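Okay, so here's the structure we're looking at.
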Amino acid sequence: MATREGAATVAAEGSKIRVAHVLTVAGSDSGGGAGIQADLKACGARGVYCSTVITALTAQNTAGVQGVNMVSEEFVAEQLKSVLSDMHVDVVKTGMLPSVGIVKVLLHSLNEFPHLALVVDPVMVSTSGDVLAGPSILEVFREELLPRADIVTPNLREASTLLGGKQIETVADMHEAAKLLHDMGPRNVLVKGGDLPGSFDAVDVFFDGEEFYELRSARVRTHNTHGTGCTLASCIAAELAKGSPTLSAVKVAKRFVETALDYSKEIVVGDGPQGPFDHFLMLKREMQGSRKHWIFEPSRLFLYAVTDSVMNKNWDRSITDAVKAAIEGGATIVQLREKEAETGYFIEAAKSCLEVCRSHGVSLLINDRVDVALACDADGVHVGQSDMPVRVARALLGPDKIIGVSCKTPEQAHRAWTDGADYIGCGGVYPTNTKANNKTIGLDGLKAVCLASKLPVVAIGGIGPSNAGAVMEIGAPNLKGVAVVSALFDRECIVEEARKLRATLDKGKTSNS
Ligand SMILES: Nc1ncnc2c1ncn2[C@@H]1O[C@H](COP(=O)(O)OP(=O)(O)OP(=O)(O)O)[C@@H](O)[C@H]1O
Ligand SMILES: Cc1ncc(CO)c(N)n1
Ligand SMILES: [Mg+2]
């Protein structure tokens, strides 16, 4: 078992990195819930590479199995040869093995690679009651495949069939079955109790030849259990491939299945009685969870105030006072655009603005200066096309900060999405004095950018109370608001101007809804 032991999740070999690798030899489930598809997802979720030798195609959905098309023995052999002659496999996991001939072909390959660990999920009957491997398979399973296995994972029905029809209705029966199956030669046995009648827990019995372990988890109340067996066996294989001892691998795998079922208990994929679950839902939720506190709510772009150092100087106002007034008038997000400010002063001013913004639940972004945003822990940055690239800013700021990017063209808008921006600032919509040599793209340019991206868009450039309504009326669902500079900060009373703008925007919103 040298290879398995040596293949921790990723084992460095010089400068190359070797990945933990499971080969699944199983059937395809067109519905994507069990078989090869479950194995790929399970290994993916556990961070392990998975190659696939397909033994049969099934036409299958949440109602059951409508058809089976076996792959020829010769072609199963060819797939095995392609993978095993070239790739560094740590563990072979078997699922649907529909004919004696296919099992023999597999055994032949395993003989050639005696170091490979073997997880056997003796798939025979699907939960829907459809036969995936007939009784003719039993002898070769008992006599040849099980003795070669490091672990075999039958469900109740499969354990009973392997044992010639033994009744298994209680946990005590499962112990007995595990012991009898162990006598057939596998190193470890896991009798799965997913289908144990009347049990509150999902109990599996593990036997290593010496000790019995009852592995219990809460029974998730769900119809989405299609593919639990395949997933469990693949997870065991994945953990073994990383180098775990067998009992730990089984415990991790069972926990994975339980958690995946729990996360997926409400999903609806098909109309049949037994749905699949989502192997990645817990990861998706985790990702969302880590961004929960800030998660960017596009409606925040509604009235976006962008400060301007020159204007504040002309009107003799501090940045903080300007920001306070904009928020009082109804600004929903603020960006500090201080092109000339010295870094030390900028950080202090940003901290003071941040205090004001936080106390009003308004996000504060910094224009261009990722360093300043990091220094004062602002909510994010807004970058232009020639500033720090979005990808680099994202790498520096991490997943929790908001990143906006200025775009004038559909290409830039598309790029913003792939690079990981949270929103697009699009303009100049109208001519403006705030930015020298800034090309005006008009309402058509704005529309084209909105159409080109899934990201929320805020329009900018020459916008004020007189034209904000027209901008919002272009009718793009992802146009979430307007950003203004002069219309607020180059006016005598910021609060009043902000209120006027807010009123115009609010009016447009009510008449559109
Ligand atoms: N509702 C449930 N809640 C929690 N765990 C479950 C539930 N149903 C099954 N399990 C667990 O899932 C794993 C697979 O067991 P199960 O008996 O369902 O296998 P199976 O019948 O081979 O599955 P399938 O044929 O649908 O792929 C076991 O660890 C079992 O305890
Ligand atoms: C292809 C395939 N393999 C295994 C199972 C057992 O769930 C299934 N339903 N379909
Ligand atoms: Mg099964």
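Just so it is clear, the model here is predicted, and its values are computed rather than measured. All ligand and atom numbering here is 1-based and tracks the order in the structure.
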Q) Between L397 and L374, is any pair of side-chain heavy atoms under 4.5 Å apart? A) yes
Q) C230 heavy atoms, cut-off 4.0 Å: which ligand 1 atoms fall inside? A) 27 (O)
Q) Counting heavy atoms only, which part of V220 comes closer than 4.0 Å to ligand 1: side chain, backbone, both or neither? A) both
Q: Check the angle between the aromatic planes of H382 and Y423 and answer parallel, tilted or perpendicular using the 30° and 60° thresholds.
A: tilted
Q) Should we say atom CZ of R415 is surrounded by more than 12 heavy atoms from elsewhere, each under 6.0 Å from it? A) no
Q | Plane angle bin for F207 and H182 - parallel if under 30°, tilted between 30 and 60°, otherwise perpendicular | A | perpendicular
(Q) As an exercise, identify every atom of ligand 2 less than 4.0 angstrom from a heavy atom of H226. (A) 9 (N)
Q: Output yes when the distance from some N or O of ligand 1 to some N or O of E258 is under 3.5 Å, and no in every other case.
A: no
Q.
I'd like to know whether E144 forms a salt bridge (charged side-chain N to carboxylate O under 4.0 Å, His left out) with K104, so could you lay out the CA-CA distance, the side-chain angles of the two residues, the decisive distance to 0.1 Å, and finally the verdict.
A. CA-CA 9 Å; E144 297 184 63; K104 294 269 186 194; 2.8 Å; yes
Q) Taking it one step at a time, do D278 and S264 satisfy side-chain hydrogen bond (donor to acceptor under 3.5 Å, both in side chains)? A) CA-CA 6 Å; D278 186 331; S264 312; 5.6 Å; no
Q: Give the contacting part of A38 toward ligand 1: side chain, backbone, both or neither, where contact means a heavy-atom distance below 4.0 Å.
A: neither
Q: Check whether any N or O atom of R219, backbone or side chain, sits under 3.5 Å from an N or O atom of ligand 1, and answer yes or no.
A: no
Q. So does E139 have more than 12 non-hydrogen atoms from other groups sitting under 6.0 Å from CD?
A. no
Q.
With heavy-atom distances below 4.0 Å as the criterion, list the atoms of ligand 1 near L232.
A. 29 (O)
Q: Heavy-atom contacts with L261 under 4.0 Å: which atoms of ligand 1 show up? List them by number with element.
A: 2 (C), 3 (N), 4 (C), 5 (N), 6 (C), 7 (C)
Q. Below 3.5 angstrom, do we get any N/O pair linking T222 and ligand 1?
A. no
Q.
Tell me every residue that passes side-chain hydrogen bond (donor to acceptor under 3.5 Å, both in side chains) with T228, counting only those two or more places apart in sequence or in another chain.
A. none
(Q) List ligand 1 atoms under 4.0 Å from A202, heavy atoms only on the residue side. (A) 4 (C), 5 (N), 6 (C), 31 (O)
**Q.** R255, CZ: over 12 other non-hydrogen atoms inside 6.0 angstrom
**A.** no
Q.
So if I count the atoms of ligand 1 from 1 in the order they appear, which ones are less than 4.0 Å from some heavy atom of D195?
A. 17 (O), 21 (O)
(Q) Does any part of the side chain of V252, heavy atoms only, come nearer than 4.5 Å to the side chain of R46, both counted from C-beta? (A) yes
Q) Considering only heavy atoms of G27, which atoms of ligand 2 have at least one such atom less than 4.0 Å away? A) 1 (C)
**Q.** Enumerated ligand 1 atoms positioned under 4.0 Å from heavy atoms of K254
**A.** 29 (O), 31 (O)
(Q) Between K192 and D204, does any side-chain N to carboxylate O distance fall below 4.0 Å? (A) no
Q.
Tell me whether the count of non-hydrogen atoms from other residues, nucleotides or ligands lying under 6.0 Å of CD in Q167 goes above 12.
A. no
Q. For ligand 1, is any non-hydrogen atom under 4.0 Å from T228's backbone (N, CA, C, O), its side chain (CB onward), both, or neither?
A. both
Q) Under 6.0 Å from the six-membered ring centre of F206 and within 45° of its axis: does the NZ or CZ of K254 meet both? A) no
Q: Please could you name the atoms of ligand 2 that V123 approaches to less than 4.0 Å, counting only its heavy atoms?
A: 4 (C)
Q. Hey, does L162 have a side-chain heavy atom less than 4.5 Å from the side chain of M124?
A. yes
Q. Below 4.0 Å from any atom of ligand 2, is there a heavy atom belonging to G95?
A. no
Q. What about Q60: any of its N or O atoms under 3.5 Å from an N or O on ligand 2?
A. yes
Q: For A218, counting its heavy atoms only, list the atoms of ligand 1 lying under 4.0 Å from any of them.
A: 3 (N), 4 (C)
Q) Quick check: does D204 get an N/O under 3.5 Å from an N/O on ligand 1? A) yes
Q.
Tell me whether K192 has any N or O atom under 3.5 angstrom from an N or O of ligand 1.
A. yes
Q.
If the contact criterion is a heavy-atom separation under 4.0 Å, does S28 count as touching ligand 2?
A. yes
**Q.** 4.0 Å heavy-atom contact, A34 with ligand 1
**A.** no
Q.
Give the atom numbers and elements of ligand 1 that come within less than 4.0 Å of a heavy atom of V257.
A. 12 (O)
Q: Examine the proximity of ligand 2 to V65 and report which part, side chain or backbone, both or neither, has a heavy atom under 4.0 Å away.
A: neither
